[in-house]
Amino acid sequence: MNRRTRLWLVATGCAGLAALLAAACLELPAFGGDRHPYGDRAVHESLARHTANTVASVNFDQRAFDTLGEISILFAAVLGCVVLLRQTRDEHRAKPQPADVARPVRRYALAVLPVALLTGLYVIAHGQLSPGGGFQGGVVAATALHLLYLGADYRALERIRPVGLYEVGDALAVSAYLVTGLACLIGAGSFLANTLLPYGTFNTLSSGGTVPLLNAAVGMEVACAVVVLLARFLDQAVEIEEENGT
């Protein structure tokens with residue numbers, strides 16, 4: 001296939017996509033309106049399943065299969081980084097040297113660390129009730145641990161961050177999401193259908209059926225994935241050196 005043919009194919013595809021987008025935009029509700037068919041349906045389904053946070057209902061109930069794809073992409077991305085950033089034959093590990101940390105930075109980091117960690121866990125646990133959830137809370141919890149690196153040193157971070165354990169946690173979290181979906185398939189007849197567990201009392205932690213379980217699995221997966229990802233990059237920056245010392 002020559003260059004001209006490829007350009008014609010790209011132009012034809014772009015023209016078709018532009019036509020479809022234009023047709024979709026013409027059918028949109030009036031700008032600034034307070035009603036939207038998709039929004040109304042999403043809120044109705046969220047309330048019907050006792051999930052106070054409509055966004056969590058969309059992510060872990062109405063389109064839970066799409067969310068499975070998203071966490072799979074994150075899992076694959078972290079796996080790719082682990083493979084690409086692994087120690088090679090022409091590299092060796094150097095013992096990290098502690099750096100001097102200003103006392104105000106040390107005090108602030110060590111004081112904020114438990115607060116940030118608890119905040120991340122709170123956001124995960126209350127994802128079906130209030131804004132936030134597994135994605136946001138997982139990132140907050142994972143980055144909170146790295147305040148120890150800023151406030152102390154790399155060796156202190158290593159003691160609370162066994163990378164192998166977090167790699168296992170990442171895999172288990174993705175597996176838990178899949179197992180929940182299979183349990184729904186066996187018990188409710190549809191993969192990830194939110195009809196397996198009781199919906200509980202509205203606006204309480206034990207509400208939403210399978211939404212809290214899937215939300216917790218995502219929170220664990222995101223937290224472990226971010227920890228593993230940062231660990232590999234920090235290894236390259238702090239520990240791993242080439243034979244020539246660079």
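Numbers here simply count residues along the sequence, with the first being 1.
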Could you go through the side-chain contact (heavy atoms from CB on, under 4.5 Å) check for I71 and F135 one step at a time? CA-CA 9 Å; I71 64 173; F135 287 99; 3.9 Å; yes
Using ring pair (Phe, Tyr, Trp, His ring centres under 6.0 Å) as the criterion, list what pairs up with H126, not counting sequence neighbours.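 Partners of H126 by the ring pair (Phe, Tyr, Trp, His ring centres under 6.0 Å) criterion, ordered by chain and then number, come out as Y122.
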Test of understanding: with ring pair (Phe, Tyr, Trp, His ring centres under 6.0 Å), list the residues that count as partners of F75, not counting sequence neighbours.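 Result, ring pair (Phe, Tyr, Trp, His ring centres under 6.0 Å) vs F75: none returned.
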Any link between [X] and [Y] through a network of hydrophobic side chains (Ile, Leu, Val, Met, Phe, Trp, Tyr) touching at under 4.5 Å?
X: V227; Y: V139; answer: yes
X: L129; Y: V55; answer: no
X: L74; Y: L68; answer: yes
X: L117; Y: V115; answer: no

Grab the two heavy atoms, one from [X] and one from [Y], that are nearest each other, plus how far apart they are.
X: L157; Y: L234; value: CD2-CD1, 3.9 Å
X: A56; Y: G127; value: CB-O, 3.3 Å
X: T54; Y: S46; value: CA-OG, 3.6 Å
X: P212; Y: S207; value: CG-O, 3.1 Å
X: L192; Y: C184; value: N-CB, 3.7 Å
X: C224; Y: Y166; value: CB-O, 3.4 Å

Working to the nearest 0.5 angstrom, can you tell me the gap between [X] [atom1] and [Y] [atom2]?
X: R41; Y: H44; atom1: CZ; atom2: NE2; value: 11.0 Å
X: S206; Y: Q128; atom1: OG; atom2: CD; value: 8.5 Å
X: L197; Y: L213; atom1: CG; atom2: CG; value: 6.0 Å
X: L230; Y: D235; atom1: CG; atom2: CG; value: 11.0 Å
X: Y149; Y: I160; atom1: OH; atom2: CD1; value: 13.5 Å
X: H146; Y: L113; atom1: NE2; atom2: CG; value: 10.5 Å

Without placing hydrogens or testing angles, list every side-chain donor-acceptor pair under 3.5 Å for residues 11-26, not counting sequence neighbours.
from, atom 1, to, atom 2, distance (Å)
T12, OG1, W8, O, 2.8

Find out whether [X] and [Y] are in side-chain contact, i.e. whether some heavy atom of one side chain is under 4.5 Å from a heavy atom of the other.
X: R161; Y: L145; value: no
X: L148; Y: L110; value: yes
X: V228; Y: V82; value: yes
X: Y199; Y: N194; value: yes

Which atom pairs, donor and acceptor, lie under 3.5 Å between side-chain atoms of residues 169-182 and protein residues at least two apart or in another chain?
from, atom 1, to, atom 2, distance (Å)
S175, OG, A171, O, 2.9
Y177, OH, A64, O, 2.7
T180, OG1, A176, O, 2.8

Sidechain-backbone polar pair: [X] side chain, [Y] backbone, donor-acceptor under 3.5 Å:
X: H50; Y: G208; answer: no
X: N53; Y: S130; answer: yes
X: Q62; Y: A42; answer: yes

Any pair with a residue in residues 22-31 that passes salt bridge (Lys or Arg N to Asp or Glu O under 4.0 Å), sequence neighbours left out, goes on the list, sorted by first then second residue, please.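 Listed by first then second residue: nothing to list.
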Can you run down the salt bridge (Lys or Arg N to Asp or Glu O under 4.0 Å) pairs that involve residues 103-125, sequence neighbours left out, and say none if there aren't any?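 Non-adjacent pairs meeting salt bridge (Lys or Arg N to Asp or Glu O under 4.0 Å): zero.
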Clusters formed by hydrophobic residues whose side-chain heavy atoms approach within less than 4.5 Å: which one holds F202, and what are its other members?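 V43, L47, all in the cluster of F202.
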Taking only residues two or more places apart in sequence or in another chain, which ones pass side-chain contact (heavy atoms from CB on, under 4.5 Å) with P131?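 For P131 there are no side-chain contact (heavy atoms from CB on, under 4.5 Å) partners, ignoring immediate neighbours.
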Verify whether one side chain among N59 and T67 offers a donor that lies under 3.5 Å from an acceptor in the other.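 On atom types as modelled, these side chains do not qualify, holding no pair under 3.5 Å.
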Quick one: list whatever passes salt bridge (charged side-chain N to carboxylate O under 4.0 Å, His left out) with D61, sequence neighbours left out.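 D61 satisfies salt bridge (charged side-chain N to carboxylate O under 4.0 Å, His left out) with R49 once adjacent residues are dropped.
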For the pair F65 and F191, name the ring-plane relationship: parallel under 30°, tilted 30 to 60°, perpendicular over 60°.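 Perpendicular.
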Going by side-chain hydrogen bond (donor to acceptor under 3.5 Å, both in side chains), name the residues that satisfy it together with Q136, two or more places apart in sequence or in a different chain.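 Scan of Q136 (side-chain hydrogen bond (donor to acceptor under 3.5 Å, both in side chains), adjacent residues dropped) gives none.
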Can you sort out the partners of N2 under side-chain hydrogen bond (donor to acceptor under 3.5 Å, both in side chains), two or more places apart, ordered by chain and number?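 Partners of N2 under the side-chain hydrogen bond (donor to acceptor under 3.5 Å, both in side chains) test: T5.
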Scan the side chains in residues 214-221 for donor-acceptor partners under 3.5 Å anywhere in the protein, sequence neighbours excluded, and list what turns up.
from, atom 1, to, atom 2, distance (Å)
N215, OD1, G134, N, 2.7
N215, ND2, I124, O, 2.5

